[in-house]
Amino acid sequence: MKIGIVGYGKMGKDIFSLFFDKLPDAQFVVIDLFGAEENTAAVMKTLGKSLKRKKLTEEQYEFKKDSFLFTDDTSALSGCDVVIEAVFENMAAKKELFAKAAKAVSEDCLLLTNTSSLDIASVFEDIPGKERCFGLHFFYPVKLTGFVELNILPETAQSNAEKAAQLVKSAGKKPIVFSGEYHIYLNQILACMVSHAIYLRESFGVTAAELNKSLEELFPVAAPFDVLDSVGLGLMAGSPDNFRIERNKGLLGYGCEKMNGWLADGCPKETMTFLDFMAERESASGNDCGKAALYMAALILNETVNAAQEYSGDKAVLLEAVQDTLGLAESPAYYYDKFGAEKLFEALDELSAKTGFGSYVRKDKAIWDKTFA
């Protein structure tokens, strides 16, 4: 197999590393506009260390060192079986790159975008052979998440979706398929979690650090504001119009407004800067936010129930993907049992009455029971 990767920023580098490590017989072409020589040298250095430490045999080393090419020439994508685009979130840039890639590859080559927010149909609107075009969304950092989203279009051929799913599985990840307004759904529920955390911070009158602390039992690895810190305001504070599920636009709009306010106040847009920015401006309130875990679980479970009602795939896979993506310590069903329907519904009804956000409008208990059975 020959895999093309367009873009070698943080995400492109992670995607390349995943497949380069997991697919010993694959060949790679990386379109790198700014550092082809430097990045080639870095990969060769890593391979040399692996050989020295006997993680690679001499034969494996010889193959691997000739199995990849970093270049700024998109015509080098010729012969690729799949091209994965991982450039920054700009529609014009993505469309231009796919136009060039489509001219370089055969009609059978899969053309996949890793976009986390843009309209996928629009990305490919000028590309011929749309049966091979769809989204393949990895989360960053790639090594910490188990699922990859296949965001298919109406024109996507089932056989091509299956090829992409098999590629994902061969790299040790689990594919989950979304379509229509549910494109990039796992990213959307993650954004809802962060926006909800922003609302809870305001509601309880606590600092970002205090709210994070109150949610450690739910999120043992990374609480919501840790997630925001690792993604960065520059990416997280995008327009809620990028998310197409109507019920979530109110909550996402609220979160985006607050995040853009922090950017206007001087918070850097880069990763790993948000918590330091907040720490310089907040003082511990000492306020009680002991119910934060209940309110957070209520939002996550409610959104999961709503999604499960509309999701056409395996509901058990969806619930597993939600747990994995959000970094929940336990399954959604566990938290339904732990907090109980009565307390969760009271929390949601209160949130809905105060905000009017559709994200807090709940289904009947019978639907919840069926979802988490």
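FYI, the numbering just counts along the sequence from 1.
In terms of heavy atoms, Ile198 sits closest to Gly255 at CD1-O, 4.1 Å. The heavy-atom pair separating Ile5 from Gly12 by the smallest distance is CG2-O, 4.1 Å.
In the hydrophobic clustering of ILVMFWY residues, with side-chain heavy atoms under 4.5 Å counting as a link, Tyr8 and Met11 come out together. Cluster annotation: Ile15 and Val83 are assigned to distinct hydrophobic clusters (Ile/Leu/Val/Met/Phe/Trp/Tyr, side-chain heavy-atom contacts under 4.5 Å, transitive).
Note on Lys249 versus Glu246: salt bridge recorded, some NZ/NE/NH1/NH2 to OD/OE distance being below 4.0 Å. A salt bridge links Arg247 with Glu303: the distance from a Lys NZ or Arg NE/NH1/NH2 to an Asp or Glu carboxylate oxygen falls below 4.0 Å. A salt bridge is absent between Lys338 and Glu330; no separation between the charged side-chain nitrogens and carboxylate oxygens falls under 4.0 Å.
The side chain to side chain donor-acceptor pair (under 3.5 Å) contacts involving residues 305-314 comprise Tyr182-Glu310, where partners must be two or more places apart or lie in separate chains.
For the residue pair Asp369 and Tyr336, a side-chain donor N or O sits within less than 3.5 Å of a side-chain acceptor on the partner. Gln323 and Tyr335 are not linked by any side-chain donor-acceptor pair at a separation below 3.5 angstrom, with hydrogens and angles left out of the test. If you check the side chains of Asp108 and Ser106, you find no donor sitting under 3.5 Å from an acceptor. For Thr371 and Lys363, the side-chain atoms include no donor-acceptor pair closer than 3.5 Å. Residues His196 and Tyr295 bring no donor and acceptor atom of their side chains to less than 3.5 Å of each other.
Glu62 is linked by a salt bridge (Lys or Arg N to Asp or Glu O under 4.0 Å) to Lys65, counting only residues two or more places apart in sequence or in another chain.
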Can you list the steps and then say if Ser283 with Thr207 is a side chain to side chain contact (heavy atoms under 4.5 Å, CB included)? CA-CA 7 Å; Ser283 299; Thr207 67; 5.9 Å; no

Would you check, one step at a time, whether the test side chain to side chain donor-acceptor pair (under 3.5 Å) holds for Glu162 with Gln158? CA-CA 6 Å; Glu162 290 173 358; Gln158 178 66 26; 3.2 Å; yes

Kindly indicate, with the supporting measurements, whether the criterion side chain to side chain contact (heavy atoms under 4.5 Å, CB included) is fulfilled by Leu299 and Ser359. CA-CA 7 Å; Leu299 175 278; Ser359 298; 4.1 Å; yes

Could you check Lys64 against Ser50 for side chain to side chain donor-acceptor pair (under 3.5 Å), going step by step and ending with a plain yes or no? CA-CA 11 Å; Lys64 295 290 278 187; Ser50 296; over 6 Å; no

Evaluation steps, side chain to side chain contact (heavy atoms under 4.5 Å, CB included), between Phe19 and Met1: CA-CA 11 Å; Phe19 289 121; Met1 172 174 282; over 6 Å; no

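For Lys315, the NZ atom sits in a packed shell: over 12 heavy atoms of surrounding residues, nucleotides or ligands are nearer than 6.0 Å.
Using cut-offs of 30° and 60° on the angle between ring planes, the pair Phe178 and Tyr185 is tilted.
For the ring pair (Phe, Tyr, Trp, His ring centres under 6.0 Å) with Trp262, the lone residue among Phe277, Phe274, Phe225 that qualifies is Phe274. None of Glu89, Gln188, His183 except one satisfies the side chain to side chain donor-acceptor pair (under 3.5 Å) rule with Ser117; the exception is Glu89.
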